[in-house]
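Have a look at the structure below before the remarks.
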Amino acid sequence: MTILVTGGAGYIGSHMVLDLLETGEEIVVFDDLSTGFPWLVPQGVTLVEGDIGDKALLSRVIADHQIDAIAHFAAKIVVPDSMSDPLGYYLNNTSKARTLIEAAVEGGVKHFIFSSTAAVYGETREMPVTEESPPAPVSPYGRSKLMVEWMLEDASRAYGLNAMILRYFNVAGADPKGRSGQATPRATHLIKTAAEAATGRRAGMSIFGTDYATPDGTCIRDYIHVSDLARAHVLALDYLRSGGKGTVINCAYGHGSSVREVIDTVKKISGVDFPVSLDDRRPGDPPEIVATGEKIRSLLGWQPRFDHLDTIVTHALAWEQHLKDRTNT
Ligand code: UFG
C-alpha cells in the first residue's frame, strides 16, 4: 500500500510526510514545486515533479506505485489572491482536483483525504462552528474548495471512493524537530508574519482592525499546530483503511486567540519588541471563527500534542530563525 501526497513538498503536506515516515508508510510526493521545495521532501521519499492537471502522468504514477490512497494538499491558498484571480483559483483548486479525482477513480484508488478549509463557512453567525454549520463561502478560495467537497461526496456515492474532508482552521507553527515549516515567501498569515518581524526578516507588522466586537477589538481565530494537523491526516488514513466511512471533520482545537494575544505571545517568547501599527480592517475578515473541535477527537481519537499558543509560537520562531540562517536574509 502506497500513499500519493500531492503538495507534499509544501508546508502542511511535508508535515504529513514526516509523520507517515514514522509509521513506515510507502510514500510518493507529487508536486509542481510552484510553492513547495524539494529540500522539504525527506530522503528516501519519491518525488514526482508534475501538475495535478496532467492526467496521463497521474494515471501512470498511480499504476506504477500501486497507490491505494491519496492525500490531496496541492492548491493555491491565499484568500485575497483568489479575489483578484478567481478563474486561476477555480482552475487550480477545482478543475485540476476533478482531474485528480477522475484519475483516482479510474486507477482504483480506494481512499482520498482532502485539504479543505474553514473558509467554506464564510461569515457564519453560528459560533463555535460545527461540521453541521451551513457552508456559505464568501471568497473564490472557499468556493473553489467547497466544490471539490461536493465532487468527492458525489464520487463517493457513485464510484465508492472513500473520501475524508478535513476543514483546516488557522494552521501555524513548524515541526518540533525543525525538519519542516512554512517556507513560502511573501507570507500573509499572522503567526508567520509576526515571526518574521521578531527575527528581523521584516521591519514590523500591522494589526488589521482594532474595532471588532471582540474582548480586545481584534479578530479571534482557532490556531492549530501543523504537526497536530498532520497527525489528524495519518489518523484519517487509518480510519479509512480500517473501513471507516468518509465524512467532514473540522481540524481545530476548539478555542481561539485574538490578534493582539498572538502578537504579545510572539514578543514575549522572542524577547523582541518589534514595531506594530494599527491599521484598518482587512476586507473579508470575520471577527471570530472558532470550532468546537469535538468530532475530530471522538471520531479519530485525535489527541493534540501542541495545543498551546506558546508552543506554536516557539516552533514558528525556531523555524523562522532556521530560514534566516539558511538564506542569510
Ligand atoms: N492579521 C493581522 N496582521 C497580519 C496578518 C493577519 O492583523 O499581518 C490578522 C487578520 O486580519 C486576521 C487574523 O490576523 O484577523 C488571521 O489572519 P490570517 O491571514 O493568519 O488567517 P485568516 O484567518 O485570514 O485565514 C485562515 C487561513 C485561510 C482560510 C481562513 C478561513 O489562512 O486559508 O483562515 O477562515 F481560508
Side-chain angles (χ1 to χ4, degrees), residues 7 10-12 35 73-83 86 89 92-93 114-129 133 135-146 148-149 166-173 182 184 186-198 201-226 229 250-253 256-267 274-291 309 312-313 316 320:
Y11 174 43
I12 305 172
T35 54
F73 295 91
K76 303 262 176 233
I77 58 156
V78 181
V79 178
D81 289 356
S82 80
M83 304 292 228
Y89 270 67
N92 264 287
N93 292 1
F114 176 56
S115 304
S116 190
T117 168
V120 302
Y121 294 112
E123 299 207 14
T124 180
R125 282 169 209 282
E126 220 174 282
M127 209 55 64
V129 168
S133 303
V138 290
S139 65
Y141 170 68
R143 291 177 185 164
S144 73
K145 290 281 186 172
L146 184 58
V148 180
E149 292 193 7
L166 299 181
R167 292 180 179 157
Y168 307 163
F169 282 61
N170 287 62
V171 188
Q182 196 172 358
T184 325
R186 295 177 303 283
T188 57
H189 292 157
L190 178 66
I191 293 182
K192 170 83 175 167
T193 303
E196 287 177 357
R201 304 189 80 210
R202 67 168 75 209
M205 64 176 301
S206 300
I207 296 181
F208 299 132
T210 52
D211 59 348
Y212 287 97
T214 57
D216 69 12
T218 66
C219 291
I220 295 173
R221 297 287 183 273
D222 196 329
Y223 294 94
I224 175 172
H225 192 291
V226 64
L229 179 63
N250 287 334
C251 296
Y253 290 142
S257 306
S258 73
V259 174
R260 281 192 204 274
E261 283 168 347
V262 167
I263 293 176
D264 288 349
T265 305
V266 175
K267 288 189 172 187
F274 50 85
V276 176
S277 61
L278 306 183
D279 284 355
D280 292 341
R281 291 181 177 197
R282 196 173 66 175
D285 275 344
E288 179 175 7
I289 179 143
V290 174
L309 189 57
I312 295 176
V313 165
E320 212 54 52

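Along the sequence shown, residues are numbered consecutively beginning with 1. Just follow the structure's listing: the first ligand is 1, and inside any ligand the first atom is 1.
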| Relative to atom 12 (C) of ligand 1, which among Leu278, Asp285, Ile289, Val120 owns the nearest non-hydrogen atom? | Asp285
| said: Just to be sure I'm reading this right: ignoring hydrogens, which of Pro287, Ala119, Ser82 gets closest to atom 31 (C) of ligand 1? Compare them by their nearest heavy atoms. | reply: Ala119
| For Val138, side chain to side chain contact (heavy atoms under 4.5 Å, CB included) partners two or more places apart | Glu123
| Ring geometry between Tyr141 and Tyr89 (parallel below 30°, tilted from 30 to 60°, perpendicular above 60°) | perpendicular
| Do side-chain atoms of Asp211 reach the backbone of Gly217 as a donor and acceptor pair under 3.5 angstrom? | no
| request: Do me a favour and list the nearest non-hydrogen protein atom to atom 9 (C) of ligand 1 with residue, atom name and distance? | output: Val259 CG2, 3.7 Å
| Heavy-atom nearest neighbour in the protein, as seen from atom 25 (O) of ligand 1, with distance rounded to 0.1 Å | Asn170 ND2, 3.9 Å
| said: Taking 4.0 angstrom as the limit and counting only heavy atoms of Thr193, give me the atoms of ligand 1 inside it, by number and element. | reply: 8 (O)
| said: Suppose we screen for side chain to side chain contact (heavy atoms under 4.5 Å, CB included). Which residues come up paired with Arg143, at least two apart in sequence or across chains? | reply: Tyr90, Pro137
| request: Indicate yes or no: does an N/O atom of Phe208 lie under 3.5 Å from an N/O atom of ligand 1? | output: yes
| Numbering as shown, the atoms of ligand 1 that approach Ile207 to under 4.0 Å (heavy-atom distance) | 7 (O)
| message | Does any N or O of ligand 1 fall below 3.5 Å from an N or O anywhere on Leu190, backbone included? | response | yes
| query | Does any non-hydrogen side-chain atom of His189 lie less than 4.5 Å from one of Ile77? | reply | yes
| query | So is there a nitrogen or oxygen of Arg282 less than 3.5 Å from a nitrogen or oxygen in ligand 1? | reply | yes
| remark: Under 4.0 Å from one or more heavy atoms of Ser206, ligand 1 contributes atoms 2 (C), 3 (N), 4 (C), 7 (O), 8 (O)
| said: At less than 4.0 angstrom from any non-hydrogen atom of Tyr223, what atoms of ligand 1 do you find? | reply: 16 (C)
| field | Arg201 CZ to Thr193 OG1 distance, which is reported to the nearest 0.5 Å | value | 11.5 Å
